[in-house]
Amino acid sequence: MMRTVSFTLPEPTPLLNVQQRKHYRVRSREKRRLATQIFILIGKDMPHHPFQKAKVLVTRYSSGVPDDDGLYGGLKDLLDCLTTPKLMANGKCKNKYGISLIVDDAPAFCEMIAKSVKCKRHEQRTEIVVEDAS
């Protein structure tokens with residue numbers, strides 16, 4: 001049986017250019033908020049163990065259509081929120097805001113497919129489907 005978790009964020013994900021211009025503390029605070037929002041949206045559908053190999057499908061609905069590098073680059077914080085936190089040798093935590101839905105966002109563990117759909121401003125959102133591909 002293939003396990004699937006899907007949820008919809010009420011706004012389109014920020015693009016790469018927007019993310020790069022944010023102060024690191026603002027970006028950290030927003031990443032924490034995003035992780036909490038995702039955890040609440042998934043709710044009881046949260047698996048007990050992270051997907052060892054996952055396929056992440058992201059559909060970003062917005063009033064404009066971004067270029068591919070801006071679209072994929074802007075999804076970094078979203079993917080970081082889906083991963084499992086890991087304690088590093090130097091005592092720091094990698095992906096400390098991760099909710100443990102997937103093991104890691106490296107290509108060996110995660111295949112990401114993103115597409116952008118043009119819509120009216122009041123219909124903007126981001127739909128995410130995470131499938132267990134192991």
Side-chain angles (χ1 to χ4, degrees):
M1 181 175 101
M2 182 180 291
R3 298 183 301 167
T4 302
V5 175
S6 61
F7 56 95
T8 301
L9 298 173
E11 67 277 339
T13 54
L15 298 175
L16 177 62
N17 292 340
V18 174
Q19 294 288 58
Q20 287 178 324
R21 290 178 177 86
K22 290 180 183 173
H23 189 275
Y24 75 94
R25 287 189 179 160
V26 171
R27 193 164 173 187
S28 179
R29 184 175 56 241
E30 288 180 358
K31 193 184 287 192
R32 189 177 325 117
R33 182 190 66 81
L34 178 61
T36 303
Q37 183 180 23
I38 292 169
F39 190 77
I40 290 169
L41 287 170
I42 294 173
K44 62 178 176 38
D45 294 334
M46 185 71 175
H48 296 290
H49 303 286
F51 297 159
Q52 296 300 310
K53 179 128 176 95
K55 182 176 184 179
V56 180
L57 303 135
V58 180
T59 307
R60 182 182 187 272
Y61 293 86
S62 63
S63 55
V65 179
D67 53 5
D68 284 345
D69 59 339
L71 174 63
Y72 277 88
L75 296 176
K76 180 183 180 354
D77 288 351
L78 172 70
L79 282 177
D80 287 348
C81 290
L82 299 178
T83 61
T84 302
K86 186 187 326 181
L87 187 62
M88 306 299 283
N90 61 3
K92 292 188 177 185
C93 187
K94 178 181 175 186
N95 296 328
K96 63 182 173 182
Y97 302 123
I99 63 168
S100 299
L101 185 58
I102 62 177
V103 172
D104 197 354
D105 58 355
F109 301 101
C110 177
E111 175 190 356
M112 186 180 73
I113 300 169
K115 67 179 183 174
S116 182
V117 177
K118 189 171 182 168
C119 68
K120 297 190 186 285
R121 187 171 296 276
H122 68 278
E123 297 173 338
Q124 295 184 123
R125 66 192 181 280
T126 304
E127 295 177 354
I128 299 100
V129 178
V130 183
E131 297 176 352
D132 186 3
S134 49

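- Follow the hydrophobic side-chain contacts under 4.5 Å out from Leu71 and you never reach Leu34; the two are in separate clusters.
- Judged purely by distance below 3.5 Å, without hydrogens or angles, the side chains of Thr36 and Tyr97 never pair a donor atom with an acceptor atom.
- Proximity of Val5 to Ile128: side-chain heavy atoms (C-beta onward) are nowhere separated by under 4.5 Å.
- To the nearest 0.5 Å, atom CD of residue Gln20 and atom CG of residue Leu16 are 4.0 Å apart.
- Of all heavy-atom pairs spanning Ser63 and Arg121, the tightest one is OG-NH2, 3.9 Å.
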Can you list the steps and then say if Thr8 with Leu41 is a side-chain contact (heavy atoms from CB on, under 4.5 Å)? CA-CA 8 Å; Thr8 301; Leu41 287 170; over 6 Å; no
Pair Arg27-Asp77, salt bridge (Lys or Arg N to Asp or Glu O under 4.0 Å): steps then yes or no: CA-CA 9 Å; Arg27 193 164 173 187; Asp77 288 351; 2.9 Å; yes
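- At least one donor-acceptor pair under 3.5 Å links the side chain of Thr84 to the backbone N or O of Ile102.
- Interatomic distance, CZ of Phe7 versus CE of Met46, reported as 9.5 Å (0.5 Å rounding).
- You'll find the side chain of Cys93 stays beyond 4.5 Å of the side chain of Met88, heavy atoms only.
- The shortest distance between side-chain heavy atoms of Val130 and Ser6 does not fall below 4.5 Å.
- Of all heavy-atom pairs between Pro66 and Ser116, the closest is CD-OG, 3.1 Å.
- Residues Asp80 and Asp105 form a side-chain contact, since some pair of their non-hydrogen atoms from C-beta on lies under 4.5 Å apart.
- Counting heavy-atom neighbours within 6.0 Å of Lys86 NZ, excluding the residue itself, gives a total of 12 or less.
- In Phe39, the CZ atom is not crowded: 12 or fewer heavy atoms of neighbouring residues, nucleotides or ligands sit closer than 6.0 Å.
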Determine, stepwise, if the pair Glu131 / Arg3 fulfils salt bridge (Lys or Arg N to Asp or Glu O under 4.0 Å). CA-CA 6 Å; Glu131 297 176 352; Arg3 298 183 301 167; over 6 Å; no
Kindly determine whether Ile113 and Val58 satisfy side-chain contact (heavy atoms from CB on, under 4.5 Å), including the steps that lead there. CA-CA 6 Å; Ile113 300 169; Val58 180; over 6 Å; no
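- The structure places NZ of Lys22 at 11.5 Å from OG of Ser28, a figure rounded to the nearest 0.5 Å.
- Under the 3.5 Å distance criterion, with hydrogens and angles disregarded, a donor-acceptor pair is assigned to the side chains of Asn95 and Thr83.
- In terms of hydrophobic clustering, with Ile, Leu, Val, Met, Phe, Trp and Tyr side chains grouped at heavy-atom distances under 4.5 Å, Val56 and Val103 are assigned to different clusters.
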CA sep, side-chain torsions, deciding dist, call: Arg60, Val117, side-chain contact (heavy atoms from CB on, under 4.5 Å): CA-CA 6 Å; Arg60 182 182 187 272; Val117 177; over 6 Å; no
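- We find that Glu123 and Arg125 are not joined by a salt bridge, their nearest charged nitrogen and carboxylate oxygen being 4.0 Å or further apart.
- At a threshold of 4.5 Å between non-hydrogen side-chain atoms, the residues Asp104 and Cys110 do not count as touching.
- Grouping the Ile, Leu, Val, Met, Phe, Trp and Tyr side chains by contacts below 4.5 angstrom, directly or via other members, places Tyr72 with Leu9.
- Leu57 and Leu75 fall into different hydrophobic clusters, where Ile, Leu, Val, Met, Phe, Trp and Tyr residues are linked whenever their side-chain heavy atoms come under 4.5 Å apart, directly or through other members.
- We find the OG-CD distance between Ser62 and Gln124 to be 6.0 Å, quoted to the nearest 0.5 Å.
- Summarising the geometry of Pro85 relative to Gly98, their closest heavy-atom pair is CG-O, 3.5 Å, with the distance given to 0.1 Å.
- Interatomic distance, Ile38 CD1 to Leu101 CG, rounded to the nearest 0.5 Å: 8.5 Å.
- Within 6.0 Å of the NE2 atom in His23, the count of heavy atoms belonging to other residues, nucleotides or ligands exceeds 12.
- Summarising the geometry, atom CG belonging to Leu78 is positioned 7.0 Å from atom OG1 belonging to Thr13; distances are rounded to the nearest 0.5 Å.
- Ion pairing between a basic and an acidic side chain is recognised when a charged N comes within 4.0 Å of a carboxylate O; Lys53 and Asp132 show no such pairing.
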